[in-house]
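Right, one structure below, let's go through it.
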Amino acid sequence: MKITNICCIGAGYVGGPTMAIIAQKCPSITVTVVDINEKRIAAWNDEDVNKIPIYEPGLSDIVKEARGRNLFFSTEVDKEIDKADMIFISVNTPTKTYGMGKGMAADLKYIELCARQIARIAKTDKIVVEKSTLPVRTAQALKDILENTGNGVKFQILSNPEFLAEGTAVEDLNNPDRVLIGGDLDTTEGRDAMQALVDIYSNWIPSIQILTSNIWSSELSKLTANAFLAQRVSSINAMSELCEKTGADVNEVAKAVGMDSRIGSKFLQSSVGFGGSCFQKDILNLVYIAKSYGLNEVADYWEQVILMNDHQKRRFAAKIVQTLFNTVSGKKIAMLGWAFKKDTNDTRESAAIYVADYLLNEQAEVVIYDPKVTEEQIFADLEYLGNRSDSENRRLVTVVKSAKEACNEAHAVALLTEWDEFKDLNWNQIYDNMLKPAFLFDGRRLLNKTDLEEIGFDVFVIGS
Ligand code: NAD
Ligand code: UGA
């Protein structure tokens with residue numbers, strides 16, 4: 001089975017970069033990314049590749065190379081479904097905000113809509129690939145919809161979860177630790193479909209790193225990987241609080257622990273809390289699935305990862321208030337960073353949002369600077385919480401164009417995202433322009449505490 005036409009539904013943080021790489025590596029395959037969001041598609045098609053809607057180091061060059069050659073972005077979903085031999089579903093699967101499973105289960109309405117649309121449009125056999133992160137056994141639901149509402153067309157369903165991290169998407173897609181493909185191993189058609197996808201990845205990934213498995217293992221492996229990763233962050237963050245009480249230093253602890261090859265050194269960076277669109281959503285989903293099978297101990301075990309993360313964000317914000325003599329009312333707090341990590345413009349579930357909200361509840365005046373996040377996005381994030389009206393947010397919050405401007409006449413600086421540029425700021429000048437005592441709260445352990453103290457700052461570093 002040779003694939004010549006791929007359609008990817010969903011031009012987001014996963015669909016855009018993954019398809020750009022497939023198009024770059026497989027010039028003989030035509031790859032079209034479709035989305036119902038016209039603005040997003042227009043941005044992907046912007047003549048100026050620096051204006052594509054997702055900021056990822058290296059991505060614009062790849063889009064420049066492949067776009068118009070064998071990479072296309074379109075809003076004509078039906079037409080592209082019809083043409084494709086292989087369809088990736090890469091739409092969002094957020095936490096449900098209504099009804100059964102509210103606040104926990106994954107909302108699969110966008111997935112189901114895609115399946116119904118494919119069933120309605122398809123006139124030739126197709127391989128449908130789950131790229132979105134989905135609850136285990138979603139493939140069964142897809143199969144039921146496709147087989148019962150289709151035009152007699154044959155579908156093969158594969159699970160091919162994406163493990164890229166934002167900010168390093170291009171690097172992760174070029175050199176993934178592994179690619180996972182789950183499918184129907186019991187039938188020839190199932191195995192052929194899996195091989196067709198293996199063949200695509202084989203264009204640039206060594207075969208040893210391409211794993212095939214049964215479809216349920218593949219779906220569940222994705223949730224498991226995110227749960228394990230998030231668990232490491234919560235584990236080190238739990239220790240960070242103990243370090244602050246005991247005089248231990250969390251970096252030293254992480255180093256000592258991480259040098260044990262059974263534990264490993266990665267993902268032990270203590271922080272103000274993990275953010276991003278997926279860790280929380282996927283663990284909540286895992287908790288919901290466990291509960292739905294009556295596995296309450298399993299559910300409780302994983303839920304604790306989220307509770308710890310919420311605690312970390314809250315206690316960082318509370319530390320600011322306590323240190324500023326128990327009140328920040330009317331005080332100016334500069335927040336450096338809004339994205340959930342460096343090198344991305346994505347702000348979903350960013351710890352910064354929750355820290356800002358806490359400070360605003362305490363009537364602080366918050367001034368925000370992030371090198372890649374727009375003012376519009378920051379106000380949208382605050383409004384989404386629903387705790388204050390947009391006009392109230394705009395009264396209390398100012399978004400500025402430089403770190404220097406944010407810190408001017410501030411009572412305190414809180415560092416929320418580990419952008420490299422914050423390391424090289426003129427901290428002497430910032431100190432001179434701040435109110436005294438000048439407080440600095442480093443939620444990312446990015447800065448050199450001793451140097452800052454020498455300048456005169458009163459410094460709090462998470463985990464020290
Ligand atoms: P996203 O919100 O950035 O993009 C999803 C896109 O799908 C949106 O542009 C939306 O308009 C579009 N869409 C929704 N329904 C549609 C429909 N019926 N037809 C056409 N377009 C439709 O989401 P994302 O961050 O790319 O995540 C997508 C999935 O990948 C999620 O399941 C997520 O858990 C998973 N994932 C994300 C990451 C990540 O780093 N963001 C990494 C691995 C896996
Ligand atoms: C994460 C996973 O790393 C990806 O493998 C997965 O594909 C993706 O989720 C997904 O399913 O969406 P991502 O959220 O983009 O990727 O970024 P991470 O690098 O994992 O960081 C997540 C959060 O944890 C960030 O807020 C980061 O600052 C924080 N973090 C990470 C720490 O606080 N400490 C660490 O040691 C590592």
Side-chain angles (χ1 to χ4, degrees), residues 7-19 33-41 43-44 53-54 56 73-78 80-81 88-95 106-118 130-135 138 160-169 172-173 176-177 222-223 225-230 232-237 240 250 254 258 265-283 285 309 312-313 337 339-344 346-352 416-418 443-445 462-463:
C7 165
C8 172
I9 310 180
Y13 283 86
V14 168
T18 48
M19 292 304 127
V33 191
V34 295
D35 206 298
I36 41 178
N37 182 335
E38 288 177 9
K39 212 171 135 196
R40 211 165 202 184
I41 291 296
W44 279 111
I54 286 159
E56 276 292 340
F73 295 91
S74 166
T75 51
E76 293 186 276
V77 185
D78 286 358
E80 297 304 329
I81 289 175
F88 286 80
I89 303 183
S90 192
V91 300
N92 38 329
T93 49
T95 304
D107 191 344
L108 298 180
K109 72 176 169 203
Y110 307 106
I111 295 285
E112 183 170 338
L113 281 171
C114 289
R116 290 187 186 279
Q117 195 164 6
I118 295 168
E130 299 178 343
K131 190 50 128 174
S132 300
T133 303
L134 298 169
T138 303
N160 172 221
E162 184 48 61
F163 296 102
L164 70 81
E166 288 178 29
T168 53
D172 295 342
L173 290 164
D177 287 343
K222 174 63 197 176
L223 291 183
N226 273 359
F228 274 49
L229 289 167
R232 281 175 74 91
V233 179
S234 276
S235 295
I236 200 68
N237 281 344
S240 74
V250 76
S265 60
K266 292 181 183 164
F267 248 74
L268 289 178
Q269 177 64 46
S270 179
S271 68
V272 55
F274 60 75
S277 62
C278 293
F279 279 175
Q280 172 164 309
K281 145 178 105 62
D282 292 347
I283 294 179
N285 184 13
N309 196 50
Q312 188 78 346
K313 294 182 271 191
F340 79 98
K341 61 187 280 196
K342 75 169 179 176
D343 290 343
T344 177
D346 195 348
T347 63
R348 291 176 288 181
E349 290 301 325
S350 178
L416 277 305
T417 313
E418 72 284 19
R444 293 290 185 165
R445 300 187 62 96
I462 206 133

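Just follow the structure's listing: the first ligand is 1, and inside any ligand the first atom is 1.
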Do me a favour and list the nearest non-hydrogen protein atom to [atom] with residue, atom name and distance?
atom: atom 21 (N) of ligand 1; value: Ile36 N, 3.5 Å
atom: atom 18 (N) of ligand 1; value: Cys114 SG, 3.8 Å
atom: atom 6 (C) of ligand 1; value: Asp35 OD2, 3.5 Å
atom: atom 14 (C) of ligand 1; value: Asn92 OD1, 3.3 Å
atom: atom 39 (C) of ligand 1; value: Glu166 OE2, 3.3 Å
atom: atom 15 (N) of ligand 1; value: Val91 CG1, 3.6 Å
atom: atom 44 (C) of ligand 1; value: Thr133 OG1, 3.5 Å
atom: atom 27 (O) of ligand 1; value: Val14 CG2, 4.1 Å

Is there a donor-acceptor pair under 3.5 Å between the side chain of [X] and the backbone N or O of [Y]?
X: Trp44; Y: Gly16; value: no
X: Asn237; Y: Val272; value: no
X: Gln312; Y: Ser271; value: yes
X: Arg348; Y: Gly276; value: no
X: Lys131; Y: Gly15; value: no
X: Asp172; Y: Ala165; value: yes
X: Asn92; Y: Pro94; value: no
X: Ser132; Y: Leu134; value: no
X: Thr93; Y: Thr133; value: yes

Where's the contact between Asp346 and ligand 1, heavy-atom distance under 4.0 Å: side chain, backbone, both or neither? neither
Checking heavy atoms under 4.0 Å, the part of Glu130 that sits near ligand 1 is neither
Which ligand 1 atoms are under 4.0 Å away from a heavy-atom of [X]?
X: Lys222; answer: 43 (C)
X: Ser90; answer: 5 (C), 28 (C)
X: Ile9; answer: 19 (N), 20 (C), 21 (N)
X: Arg40; answer: 1 (P), 2 (O), 3 (O), 4 (O), 8 (C), 9 (O)
X: Ser277; answer: 41 (N)
X: Thr93; answer: 31 (C), 32 (O), 34 (O)
X: Tyr13; answer: 3 (O), 24 (P), 25 (O), 26 (O), 41 (N)
X: Ser132; answer: 29 (C), 30 (O), 32 (O)

For Glu56, what residues pass the salt bridge (charged side-chain N to carboxylate O under 4.0 Å, His left out) criterion, not counting sequence neighbours? none
What residues form a salt bridge (charged side-chain N to carboxylate O under 4.0 Å, His left out) with Lys313, not counting sequence neighbours? Asp310
Under a 4.0 Å N-O cut-off, is there an ion pair linking Glu418 with Lys342? no
Quick check: does Lys281 get an N/O under 3.5 Å from an N/O on ligand 1? yes
Between Arg348 and ligand 1, does any nitrogen or oxygen pair lie at a separation below 3.5 Å? yes
Mind checking side chain to side chain contact (heavy atoms under 4.5 Å, CB included) for Ala115 and listing every partner two or more places apart, or none if nothing turns up? Leu142, Ile145
Below 4.5 Å, heavy atoms only, C-beta onward: do Leu173 and Thr18 meet side chain to side chain? yes
Within-4.5 Å side-chain heavy-atom neighbours: Gln269 and Ile236: no
Amino acids in close contact with ligand 2, where any non-hydrogen atom sits under 4.0 angstrom away: Glu162, Phe163, Leu164, Ala165, Glu166, Lys222, Asn226, Leu229, Val233, Phe267, Leu268, Gln269, Ser271, Phe274, Gly275, Cys278, Phe279, Phe340, Lys341, Arg444
Consider side-chain contact (heavy atoms from CB on, under 4.5 Å). Of Val91, Leu113, Ile111, Val33, which one does Ile9 pass it with? Val91
